[in-house]
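Keep in mind that the numbers below use all heavy atoms, side chains included, and drop hydrogens, waters and symmetry copies. These numbers come from a predicted model, not from an experiment.
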Amino acid sequence: RLWIENLVSETASLESEIAQATDVIHGLTQTPKTLSPKYLYDDRGSVLFEQICELPEYYPTRTETAILKNCASEIARLTGPCELVELGSGSSTKTRILLDAYQNLGHPLRYLPIDISGGMLEKSAYELLADYPSLHVHGLVGTYEQALAKLNPPPLPTRMIGFLGSTLGNLSPAETDQFFSQITAALQPGEYFLLGIDLQKPLHILEAAYNDAQGVTAAFNLNLLQHLNRRFDGNFNLQQFEHWAFYNQQDHRIEMHLKSRRSQTVQLRSLDLTVEFEAGETLRTEISRKFNLDQMQAYLKSKGLTTLQVWTDSHPWFAVLLSQV
Ligand code: AVJ
């Protein structure tokens, strides 16, 4: 009942290794320095993110979970039996709410988790198999692009691709366009896309969520440097960088950076790369866009996705949208 394919490990594809190395070199040599947020998610980063989800200040996870508990049975009714594909499956905690709903309707359970962190994917797959005796899991360890390109027609009548947690907010507008081209290419007419998005809201709530009192978000951000050290034989000194996150009101997004505490030189030996930081210079590690619900529906429509139903919490701080190609 379990099959996990690895699309990223060194043995899987040299092409993918080269793409990532090129990406890191490009990000660290441009001004301002930026890296894709996917480098936050090595196995330790994924564990730290799970801890973030439990923080009192980090409202998105618990808000989305509450929304899903309310709407899961309606989603299952609307789609009927379907294969559930999840982009960025992580611990698959919220997935359980959906699996329960399909199970309650007596539908067969097929789950295709996609995640960049192999450790987290494998662990959650085993936990799901233990709890859902009829579940079949086919996991793909890799980037969204790699995994979406590999999707075969589903064994069930239809398919739903889930993209929860507002991970969409990590993508720039240009990356979002590309992403939706891949989504609509992967879906057949009539298939479903389930999207969770974080909404615009007062600044103090947003900034608190990315600057928690316990410092878990800071540890999560700094862990990216540890990841680069391990992956590319680097010598980043984590003591010499600090976590910095703020809401960019103009672009409606949280920006997360690592700020150099002094002028310093860092080496990534396996990339043959030397990087200079000035005192106070920052490396942007993540954007987390906050959306407007009407604009998102219009955007989905422009991409060929018709929104069937929207659910929010009472504020509303977060939204879940079910759309169809
Ligand atoms: C998983 C991308 C949705 O942007 O809120 C949490 C990641 N970064 N705290 C987010 C994150 C800092 C999270 N996403």
Side-chain angles (χ1 to χ4, degrees), residues 37 48-78 86-98 100-101 160-173 176 192-218 220-221 243 245-256 286-301 303 305-323:
L48 285 167
F49 178 66
E50 290 308 312
Q51 292 176 19
I52 289 176
C53 293
E54 307 280 316
L55 293 169
E57 300 93 335
Y58 195 74
Y59 63 85
T61 310
R62 82 177 61 87
T63 309
E64 185 180 40
T65 300
I67 297 169
L68 284 171
K69 283 187 176 156
N70 279 326
C71 69
S73 64
E74 203 175 340
I75 292 171
R77 259 199 320 275
L78 285 165
E86 187 176 17
L87 298 169
S89 49
S91 65
S92 297
T93 308
K94 287 171 284 189
T95 317
R96 288 169 176 263
I97 303 169
L98 292 168
D100 288 341
M160 177 166 75
I161 298 183
F163 197 30
L164 300 174
S166 204
T167 306
L168 182 69
N170 276 175
L171 307 184
S172 70
T176 305
Y192 300 92
F193 183 66
L194 185 69
L195 178 64
I197 51 166
D198 199 9
L199 302 174
Q200 292 161 12
K201 61 182 62 61
L203 178 114
H204 68 278
I205 299 167
L206 288 166
E207 291 197 334
Y210 294 82
N211 289 288
D212 66 279
Q214 292 171 57
V216 184
T217 308
F220 172 67
N221 195 7
H243 168 71
F246 65 95
Y247 190 55
N248 174 334
Q249 304 220 39
Q250 192 127 56
D251 295 334
H252 302 288
R253 68 189 195 195
I254 288 282
E255 292 188 15
M256 197 164 81
E286 180 181 57
I287 58 166
S288 184
R289 295 168 63 201
K290 306 303 165 189
F291 299 99
N292 169 290
L293 194 45
D294 293 331
Q295 280 171 13
M296 178 57 74
Q297 285 187 66
Y299 178 77
L300 291 173
K301 187 85 210 152
K303 294 287 157 187
L305 287 158
T306 306
T307 301
L308 303 180
Q309 194 69 252
V310 177
W311 299 270
T312 68
D313 57 303
S314 58
H315 291 103
W317 280 354
F318 204 96
V320 172
L321 299 87
L322 179 67
S323 56

Distance from [X] atom [atom1] to [Y] atom [atom2], nearest 0.5 Å?
X	Y	atom1	atom2	value
His243	Met256	NE2	CE	6.5 Å
Lys69	Asp100	NZ	CG	9.5 Å
His252	Lys290	NE2	NZ	13.0 Å
Arg96	Leu68	CZ	CG	14.5 Å
Phe246	Leu206	CZ	CG	12.5 Å
Leu98	Ser92	CG	OG	10.5 Å

Heavy atoms only: give me the nearest [X]-[Y] pair and the separation to one decimal.
X	Y	answer
Cys53	Thr61	SG-OG1, 3.2 Å
Leu308	Tyr192	CD1-CE2, 3.7 Å
Arg62	Tyr58	NH1-O, 3.6 Å
Phe318	Gly165	CZ-C, 4.0 Å

Using a distance-only test with no angle check, is there a side-chain donor-acceptor pair under 3.5 angstrom linking [X] and [Y]?
X	Y	value
Lys301	Thr307	no
Ser288	Tyr210	yes
Asp313	Thr63	no
Lys201	Tyr59	yes
Asn248	Glu255	yes

Looking at [X] and [Y], would you say the former's side chain and the latter's main chain have a donor-acceptor pair under 3.5 Å?
X	Y	answer
Thr167	Leu164	yes
Ser166	Asp198	yes
Arg253	Asn170	no
Asn211	Ala245	yes
Glu207	Tyr247	yes
Glu57	Ala208	no

Should [X] and [Y] count as side-chain neighbours, where that means a heavy-atom distance under 4.5 Å?
X	Y	value
Glu86	Leu194	no
Thr217	Leu55	yes
Ile75	Trp311	yes
Leu322	Leu78	yes
Asp212	Ile52	no
Ile197	Phe291	yes
Leu300	Leu321	yes
Ile287	Arg289	yes

Report task. Please report the C-alpha distance between Leu168 and Leu195 in whole Å, then the side-chain angles of each, then the deciding distance to 0.1 Å, and finally whether the side chain to side chain contact (heavy atoms under 4.5 Å, CB included) criterion is met. Result -> CA-CA 8 Å; Leu168 182 69; Leu195 178 64; 4.0 Å; yes

Across all chains, not counting sequence neighbours, the side chain to side chain donor-acceptor pair (under 3.5 Å) partners of Ser172 are Glu175

Heavy atoms from other residues, nucleotides or ligands near CD of Gln309 exceed 12 (cutoff 6.0 Å):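 Yes, enclosed.
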
If the plane angle is over 60° it's perpendicular, under 30° parallel, otherwise tilted; pick one for Phe220 and Phe49.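 Judged by the thresholds at 30° and 60°, the geometry between Phe220 and Phe49 is tilted.
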
